[in-house]
Amino acid sequence: MTQRGRKSTAALATVTAMPVRFLAAPADLSPEEAEVWGRVVATKPGDWWDAGSVPLLAQYARAVVQSETVAELVRRVSLALMTDPDELSRYKELRKIQAALSGEISGLARAMRLTQQARYRADKAETHSRKATGNKPWQTHDVIEG
């Protein structure tokens with residue numbers, strides 16, 4: 001039912017939500033990689049992404065999924081290391097792979113300006129950092145024995 005007569009100022013000031021269109025993931029990404037793609041794309045406005053960022057974002061999604069896989073292998077091997085010292089060389093190799101993937105993810109995120117570093121100017125980041133250190137008086141948790 002529509003309102004008769006003139007529209008109020010409040011009614012005129014109401015913003016109508018526009019449908020959001022996200023950049024679709026490339027077809028060659030796995031379902032897990034496409035999920036990472038979607039989570040990242042949803043954090044930025046639609047015009048953030050251009051043709052040049054598509055391959056970077058696709059590789060970022062691949063690296064994140066690979067990093068999660070390697071992290072799981074590191075966990076398993078570190079548990080096996082408790083009973084089998086021969087697993088140490090495998091553990092070291094997996095940690096090298098994990099470090100390389102972390103560097104790749106970090107570099108790609110910086111290139112696409114996804115990191116916290118990209119959100120703040122250096123002077124503003126320092127201010128935020130100083131404000132965030134330490135608990136406020138109302139944030140302390142006293143342990144009550146009873």
Side-chain angles (χ1 to χ4, degrees), residues 7-146:
K7 289 188 176 185
S8 68
T9 307
L12 291 172
T14 303
V15 178
T16 304
M18 298 295 290
V20 178
R21 289 188 55 202
F22 292 122
L23 182 63
D28 66 328
L29 293 182
S30 72
E32 295 84 9
E33 294 164 350
E35 183 182 336
V36 171
W37 171 286
R39 287 193 320 249
V40 173
V41 166
T43 66
K44 301 293 180 197
D47 62 347
W48 185 269
W49 309 104
D50 60 14
S53 60
V54 168
L56 293 175
L57 183 54
Q59 186 56 32
Y60 176 85
R62 288 184 196 103
V64 167
V65 171
Q66 290 170 3
S67 179
E68 291 168 353
T69 302
V70 171
E72 181 56 35
L73 289 172
V74 167
R75 280 190 281 284
R76 288 182 193 167
V77 171
S78 66
L79 290 174
L81 189 58
M82 301 295 184
T83 58
D84 185 3
D86 294 335
E87 290 289 325
L88 184 59
S89 62
R90 186 171 176 217
Y91 177 80
K92 287 179 180 178
E93 286 302 312
L94 286 170
R95 287 293 293 140
K96 285 179 189 175
I97 295 168
Q98 195 174 36
L101 285 168
S102 293
E104 181 181 0
I105 290 168
S106 176
L108 289 165
R110 264 190 264 114
M112 293 182 289
R113 300 188 55 79
L114 301 177
T115 63
Q116 294 165 336
Q117 180 182 8
R119 292 187 203 133
Y120 300 107
R121 293 190 339 231
D123 58 332
K124 299 290 184 190
E126 181 184 358
T127 303
H128 285 284
S129 174
R130 272 189 277 119
K131 287 181 180 178
T133 58
N135 287 337
K136 307 288 188 256
W138 55 88
Q139 293 174 328
T140 59
H141 299 284
D142 295 328
V143 178
I144 301 172
E145 295 180 25

Residues forming a side-chain contact (heavy atoms from CB on, under 4.5 Å) with Pro85, sequence neighbours excluded |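 side-chain contact (heavy atoms from CB on, under 4.5 Å) list for Pro85, sorted by chain: empty.
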
Tell me, please, which residues at least two apart from Ala111 pass side-chain contact (heavy atoms from CB on, under 4.5 Å).
->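 Here the qualifying residues are Leu56.
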
How long is the straight-line distance from [atom2] of [Y] back to [atom1] of [X], given to the nearest 0.5 Å?
X	Y	atom1	atom2	value
Ile105	Leu114	CD1	CG	11.5 Å
Gln59	Leu29	CD	CG	9.5 Å
Leu73	Arg90	CG	CZ	6.5 Å

Report the residues that fulfil salt bridge (charged side-chain N to carboxylate O under 4.0 Å, His left out) with [X], sequence neighbours left out, ordered by chain and then residue number.
X	value
Arg76	Glu72
Lys92	none
Glu32	none

Can you give me the closest heavy-atom contact between [X] and [Y], atom names plus distance?
X	Y	answer
Val74	Leu94	CG2-CB, 3.7 Å
Pro26	Val54	CG-CG1, 4.4 Å
Glu87	Ala80	CG-CB, 4.0 Å
Leu88	Leu81	N-CD1, 3.5 Å
Met112	Tyr60	CE-CB, 3.7 Å

Side chain to side chain, Ile97 and Gln66, heavy atoms closer than 4.5 Å |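 Of all side-chain heavy-atom pairs linking Gln66 with Ile97, none is under 4.5 Å.
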
Pairs in or reaching into residues 50-62: which pass salt bridge (charged side-chain N to carboxylate O under 4.0 Å, His left out), with residues at least two apart or in two chains?
->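 Listed by first then second residue: Asp28-Arg62.
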
Does any pair with a residue in residues 98-109 pass salt bridge (charged side-chain N to carboxylate O under 4.0 Å, His left out), and if so which ones, sequence neighbours excluded?
->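 Sorted pair list comes back empty.
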
Distance-only donor-acceptor hits, side chain of residues 35-42, under 3.5 Å, sequence neighbours excluded:
{"unit_1": "Glu35", "atom_1": "OE2", "unit_2": "Arg39", "atom_2": "NH1", "d": "3.2"}
{"unit_1": "Trp37", "atom_1": "NE1", "unit_2": "Leu23", "atom_2": "O", "d": "2.9"}

Donor-acceptor contact present, side-chain Ser67 to main-chain Ala63, <3.5 Å =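 Checked: no pair found.
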
Give a yes or no on whether a salt bridge exists between Lys96 and Glu93, defined as a side-chain N under 4.0 angstrom from a carboxylate O.
->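 So Lys96 pairs with Glu93 through a salt bridge.
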
Which residues share a side chain to side chain donor-acceptor pair (under 3.5 Å) with Ser106, sequence neighbours left out |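 Residues passing side chain to side chain donor-acceptor pair (under 3.5 Å) with Ser106: Arg110.
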
